[in-house]
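What follows is a single structure, written as structure tokens, with notes after it.
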Amino acid sequence: MSTLRTRFAPSPTGSMHIGNARTAAFAWLLARHHGGQFILRIEDTDRTRYVEGSVEEIQDGLKWLGLDWDEGPFFQSQRLEIYRELAEQLVREGKAYRCWCSPERLAQMREEQKAAGLPTGYDRRCREGAPGHTPGEPHVIRFAMPLDGVTEFHDHVRGTLSFENALIDDFVMLKADGFPTYQFANVVDDHLMGITHVVRSDEWLSSTPKHVQLYAAFGWEPPQFVHPALILGPDRSKLSKRHGAVSFREFTQMGYLPDALLNFLALLGWSPGDNREVMTRQELIEAFDIPGIVNHPAIFDRQKLDWLNRQHIRMLPDGELARRVKPLLEEKGFGGLQDGYLESVVRVMKDRLTFLHDIVELACYFFTDEFEYEEKGGKWLQDPGAAQFLEGIADALKDCEWSDAAIEARVREAGEKLGREGGALIHPIRYACTGKTVGPSLFAALETLGRDRVVRRLRRAADLARVQ
RNA sequence: GCCCCCAUAGUGCAGAGGCCUAGCACACCGCUCUUUCACGGCGGCAGCACGGGUUCGAAUCCCGUUGGGGGUACCA
């Protein structure tokens, strides 16, 4: 049995779309599940739409997601000779023909067909020869579709599909500029590169019969087809820019974990069959296979992605989470943090992060004394007894054993003497030490902050309270 | 217009004729835990698009309708 080979074949025409990333993830997962190979091929056959930098963006994106490829990237623009020779071969065999029809004529023809309520398509004027033209003049090469019968093929997601040949266009294989079209180059390369499973989204379904005919014309065995449905925006149309963030790069920059995004992408149009959802990369590879791919389109749901990201953050060991969060903090000017300290911060904050960078906003008081006091908590300092109370707590803690249990005992004891308990005891202390009205368990937070910071902040807040 | 695909709660999935009084998850709403906000736990809301068949029996099979999507380029 030969190894399974899949490929990801994007065109470098702009930012990599989140939908492309999903297709790439499916193809990669399928290859890895079966111990096969995953190939990267850049389909740069449209010179007019080429966007500088997009090849790099595609590769960076795949690397970020952890989708490593075994061969490539191959560039179709470097294989022009191959396509030309193969196209000429088909011309010689009478399975393709030269066409000199002008784009203007073609456009007009299409309009007339539409107006008459007919199916659109090339009228095959040059199919039986075009007197007065020579191969020296600019022309395209078209495939000569069978004029009757049907083309049938099996798709692993859709089942057996059949299309009437008469309705399929004599499509262009080679353009006037010598570049191949997708329809042609794609088939040639999939064959030459030994692709066994073509994984691509639904939008290609209706051109698959053309591909099947091309394989037949060359006498090549067609690959297995796998067409997952499209990803839709909330309005149910093909996900695009007007739905907000759709470029893959935006997601990598928003603070999603690669494993979380991979998990989410895999779940868009596939399921393991049981009710598992939160899955590691390894679990995905083990579970992913064709039968789990669903045949109806899915709407992209950010809330679910966010939830998945939370789950993946919580799965990270503290040390690893600390390591990932560190550069984000340094970026905000919170440098020079001890690993051990950062790890303890991360431990108390872990359950509260949707994104890694949330830590900056939610836990800044762990990294600097210069945090802001939320306006909302001002009342805790305005209270007449506040200054005296905070000083009292500071005194009680200045020689306290530093564990959260000991801190709690000492604070409660001191609170009792000062006539405070419950919220009136806890909230002012939190506000004094963190500037916030919400956060992790107070005693755990104090323990993590350390005695010096806590005592210092309590006294500072007491001073603040006195001027109120 | 023509061709093709799709149809289970708001969203993502499970379901491959009886196990379905349709399950799970996100979101939402309660309750609970708790010093707060989260987390967690418990509970709730909400769905087989519609109409015909086939069958003893249909979410599951067939046909039609409706709705949605994709394609229809010398773009991919």
Side-chain angles (χ1 to χ4, degrees), chain A residues 9-13 43-46 48-49 99 101-103 106-107 110 113-122 138-142 155 157-159 161-164 167-169 171-183 185-186 200-209 227 229-230 232 234-238 264 267-278 291-292 294-308 310 314 349-354 362 377 408 411-412 421-431 436-443:
Chain A
S11 59
T13 52
E43 310 220 319
D44 52 349
T45 55
D46 187 346
T48 62
R49 294 208 307 157
C99 167
C101 293
S102 70
L106 263 19
R110 259 192 302 275
Q113 288 169 332
K114 257 189 188 167
L118 297 165
T120 54
Y122 179 56
H139 64 278
V140 304
I141 293 182
R142 287 182 183 273
D155 178 88
V157 179
R158 317 277 158 181
L161 267 22
S162 103
F163 294 77
E164 248 181 275
L167 266 14
I168 304 173
D169 218 12
F171 61 94
V172 172
M173 293 161 38
L174 220 56
K175 305 184 234 181
D177 64 3
F179 277 66
T181 59
Y182 169 89
Q183 317 291 9
N186 187 265
R200 65 182 17 157
S201 65
D202 194 47
E203 57 196 316
W204 297 107
L205 201 56
S206 36
S207 41
T208 304
H227 287 103
L230 253 24
L232 271 28
D235 65 351
R236 299 200 156 275
S237 68
K238 197 169 165 179
F264 179 70
L267 253 21
L268 270 182
W270 171 81
S271 94
D274 45 34
N275 282 321
R276 276 185 299 165
E277 294 197 305
V278 182
V294 120
N295 64 359
H296 53 265
I299 291 171
F300 191 86
D301 181 11
R302 275 283 297 280
Q303 282 183 314
K304 187 105 179 196
L305 208 207
D306 289 357
W307 172 77
L308 225 29
R310 270 198 298 276
R314 295 166 65 172
M349 294 306 298
K350 211 174 187 177
D351 284 352
R352 338 174 76 83
L353 303 177
T354 296
L362 260 31
E408 174 160 11
V411 165
R412 290 202 188 280
E421 58 176 5
L425 172 69
I426 304 291
H427 293 303
I429 301 176
R430 162 175 287 110
Y431 188 64
K436 296 197 185 297
T437 56
V438 300
S441 157
L442 176 66
F443 306 110

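Reminder, nothing fancy here: chain letters follow the sequence lines and each chain counts from 1. All values below were derived from every heavy atom in this structure, side-chain atoms included, with hydrogens, water molecules and symmetry-related copies excluded.
A/E164 comes within 4.0 angstrom of nothing in the nucleic acid, heavy atoms only. Base contact: A/L442 has a heavy atom under 4.0 Å from a base atom. Here A/F163 lies in heavy-atom contact (under 4.0 Å) with sugar-phosphate atoms only. Residue-level contact check: A/E277 touches the bases, meaning some heavy atom is under 4.0 Å from a base atom. A/P272 comes within 4.0 angstrom of no nucleic acid atom, judged by non-hydrogen atoms across all strands. Residue A/T437 is classed as a base contact, given a heavy-atom separation below 4.0 Å to a base. Using a 4.0 Å heavy-atom criterion, one finds that A/A229 contacts no nucleic acid atom at all. Within 4.0 Å (heavy atoms only), A/R276 reaches no atom of the nucleic acid at all. Within the nucleic acid shown, A/V294 comes within 4.0 Å of sugar-phosphate atoms alone, with no base atom in reach, counting heavy atoms only. Base contact: A/S441 has a heavy atom under 4.0 Å from a base atom. Nucleic acid contact class of A/L425 (heavy atoms, under 4.0 Å, all strands): none. Contacts of A/G273 with the nucleic acid, taken as non-hydrogen atoms under 4.0 Å apart, involve only primed sugar atoms and P, OP1 or OP2. Residue contacts for A/R158: at a heavy-atom cut-off of 4.0 Å it reaches the sugar-phosphate backbone alone, with no base atom in range.
Comparing B/C13, B/A76, B/C74 by their closest approach to the side chain of A/R142 singles out B/C74. The nucleotide whose nearest atom lies closest to any side-chain atom of A/R49 is, among B/G70, B/C74, B/C75, B/C75. Side-chain atoms of A/T120 lie closest to B/G1 of the nucleotides B/G1, B/U8, B/A27. Looking at the side chain of A/R310, the nearest of the listed nucleotides B/U36, B/A76, B/A27 is B/A27. For A/E203, counting side-chain heavy atoms from C-beta on, the closest listed nucleotide (B/G40, B/C6, B/A76) is B/A76. If you check B/C4, B/C75, B/U35 against the side chain of A/L205, the one that comes closest is B/C4. Checked against B/C26, B/A7, B/C3, the side chain of A/L167 finds its nearest nucleotide in B/C3.
A salt bridge does not link A/K304 to A/D301: none of the charged side-chain nitrogens sits closer than 4.0 Å to a carboxylate oxygen.
Nearest-nucleotide mapping onto RNA chain B: of A/G422 and A/V140, the residue sitting toward the 5' end is A/G422. Annotation: of the two residues near RNA chain B, A/L161 and A/R314, the 5′-most nearest-nucleotide partner is A/L161.
Annotation: B/G53 and B/G17 have their C1' atoms spaced 15 Å apart (nearest Å). For the P atom pair drawn from B/U66 and B/C50, the interatomic distance equals 16 Å after rounding to whole Å.
If you take NZ of A/K114 and P of B/G1, they are 11 Å apart, rounded to a whole angstrom. Per the geometry, CZ belonging to A/R302 stands 23 Å off P belonging to B/A25, to the nearest Å. A/I299 places its CD1 atom 17 Å from the P atom of B/C6, with the value rounded to the nearest Å. Rounding to whole angstrom units, CG of residue A/N186 and P of B/A76 are separated by 10 Å.
Under the 30°/60° scheme for interplanar angles, the aromatic rings of A/Y182 and A/W204 are found to lie parallel.
Between the base of B/U72 and the side chain of A/R110 there is no donor-acceptor pair shorter than 3.5 Å. Counting atom types as modelled, A/K304 pairs no side-chain N or O with a base atom of B/A27 as donor and acceptor under 3.5 Å. For B/G23, the base has a donor-acceptor partner in the side chain of A/N275 [N/O atoms by modelled type, under 3.5 angstrom].
For the pair A/R430/A/T437, no side-chain contact is recorded, criterion being any heavy-atom separation below 4.5 Å from C-beta on.
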